[in-house]
Amino acid sequence: MKNSATGYISPALARRRKYVELAASLGLMLVLLSMMAPFFGTFLGNPISWGGWVYAAGALVYTAARVVNVNAPGDSLRLRRMRRMEFMAGVCFIVGAAFWFYKLNYFQSVFSGPLAVLRQTVAFTMAGAVLQIVASWMIAARMRKEMTDNGGER
């Protein structure tokens with residue numbers, strides 16, 4: 001991998017990027033598991049009660065992975081801002097986890113069903129997912145463009 005301004009990316013930075021992506025993927029898998037849990041019903045106990053903890057853990061793991069700086073010294077400002085967008089996706093997931101716990105306590109005394117508890121959580125999860133997808137596509141395209149503009153090979 002080549003960097004746009006300084007030449008080759010150091011092996012330490014490449015290794016850090018790999019670990020950050022693995023941690024972010026693990027966090028997203030935990031978010032996915034907790035969002036699918038209410039569909040399984042009583043097979044897994046009460047998924048509304050334990051699913052919030054799994055969702056919150058996944059949101060924190062994802063956001064912690066996105067806090068780590070994986071920018072090379074010569075990366076463009078646009079690329080740095082796109083990586084910041086991925087962090088904002090993590091913030092959406094954390095807000096979704098906060099709504100999960102808030103609505104669970106709010107509807108604790110009455111049976112309201114999982115949709116009433118998870119409505120805002122689903123909305124913030126979708127917003128975070130859209131931000132993550134758009135940022136990933138834009139980062140890949142920008143890195144490819146910067147590499148070809150500066151004479152690097154594809």
Side-chain angles (χ1 to χ4, degrees), residues 1 3-4 9-10 12-146:
M1 274 198 294
N3 187 5
S4 59
I9 294 176
S10 69
L13 181 60
R15 195 171 39 249
R16 187 179 334 147
R17 283 182 180 175
K18 183 176 100 173
Y19 291 142
V20 163
E21 290 303 319
L22 283 173
S25 297
L26 174 68
L28 286 176
M29 292 302 284
L30 289 173
V31 167
L32 174 70
L33 173 71
S34 64
M35 291 305 292
M36 289 176 43
F39 294 115
F40 298 120
T42 58
F43 295 121
L44 300 171
N46 185 5
I48 297 297
S49 62
W50 62 262
W53 293 104
V54 175
Y55 185 92
L60 287 176
V61 167
Y62 176 82
T63 307
R66 293 302 178 204
V67 167
V68 176
N69 184 14
V70 293
N71 293 315
D75 282 347
S76 67
L77 185 61
R78 181 174 288 177
L79 193 57
R80 292 173 189 267
R81 286 181 179 163
M82 287 181 216
R83 288 206 173 103
R84 207 171 305 142
M85 249 173 75
E86 289 181 323
F87 169 74
M88 293 310 295
V91 171
C92 285
F93 294 142
I94 288 176
V95 170
F99 271 115
W100 188 319
F101 288 115
Y102 174 72
K103 291 293 185 174
L104 186 64
N105 288 332
Y106 184 75
F107 289 119
Q108 190 173 17
S109 61
V110 282
F111 176 73
S112 56
L115 184 60
V117 174
L118 298 178
R119 188 173 52 207
Q120 284 86 7
T121 302
V122 170
F124 277 100
T125 302
M126 294 302 291
V130 167
L131 277 173
Q132 170 62 34
I133 290 169
V134 169
S136 296
W137 286 346
M138 290 173 66
I139 287 171
R142 186 65 188 178
M143 287 179 75
R144 197 174 322 116
K145 183 179 185 309
E146 287 182 6

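Values below: every heavy atom of this structure, side chains too, minus hydrogens, waters and symmetry copies. Numbers here are sequence positions counted from 1.
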For the student: nearest non-hydrogen atoms of [X] and [Y], plus distance:
X: Ala65; Y: Ala23; answer: CB-CB, 3.8 Å
X: Thr63; Y: Val91; answer: OG1-N, 4.2 Å
X: Asp75; Y: Arg80; answer: O-NE, 3.4 Å

(message) If you define the side chain from C-beta out and look only at heavy atoms, does anything of Thr121 sit under 4.5 Å from Met35?
(response)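 SC-SC contact between Thr121 and Met35 confirmed.
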(message) Quick one, Leu118 and Lys103 - any side-chain contact, counting heavy atoms below 4.5 Å?
(response)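 Not touching, per the 4.5 Å side-chain cut-off.
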[X] [atom1] to [Y] [atom2] distance, which is reported to the nearest 0.5 Å:
X: Phe124; Y: Leu131; atom1: CZ; atom2: CG; result: 11.5 Å
X: Arg84; Y: Leu79; atom1: CZ; atom2: CG; result: 11.0 Å
X: Gln132; Y: Tyr62; atom1: CD; atom2: OH; result: 3.0 Å

(request) Kindly write out the residues that satisfy side chain to side chain donor-acceptor pair (under 3.5 Å) with Lys145, not counting sequence neighbours, or none if the list is empty. (result)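 Lys145 satisfies side chain to side chain donor-acceptor pair (under 3.5 Å) with Asp149 only.
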(message) Give me each pair satisfying side chain to side chain donor-acceptor pair (under 3.5 Å) with a member in residues 20-35, each pair once, sequence neighbours excluded.
(response)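 Pairs touching residues 20-35 that pass the test: Glu21-Arg66.
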I'd like a table of donor-acceptor pairs (distance under 3.5 Å, sequence neighbours excluded) in which one partner is a side-chain atom from residues 67-74, with atom names and distances.
{"from": "Asn69", "atom 1": "OD1", "to": "Asn71", "atom 2": "N", "distance (Å)": "3.0"}
{"from": "Asn69", "atom 1": "OD1", "to": "Asn71", "atom 2": "ND2", "distance (Å)": "3.3"}
{"from": "Asn71", "atom 1": "OD1", "to": "Arg83", "atom 2": "NH1", "distance (Å)": "2.6"}

(request) Count the heavy atoms of every other residue, nucleotide or ligand shown that sit under 6.0 Å from CZ of Arg78, and state whether that count exceeds 12. (result)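 Result for CZ/Arg78: open.
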(request) Check the surroundings of atom CE in Met138: do more than 12 heavy atoms from other residues, nucleotides or ligands lie under 6.0 Å from it? (result)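 For Met138, atom CE is not crowded (no more than 12 foreign heavy atoms under 6.0 Å).
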(request) Just say parallel, tilted or perpendicular for the rings of Tyr55 and Phe93, cut-offs at 30° and 60°. (result)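 Judged by the thresholds at 30° and 60°, the geometry between Tyr55 and Phe93 is perpendicular.
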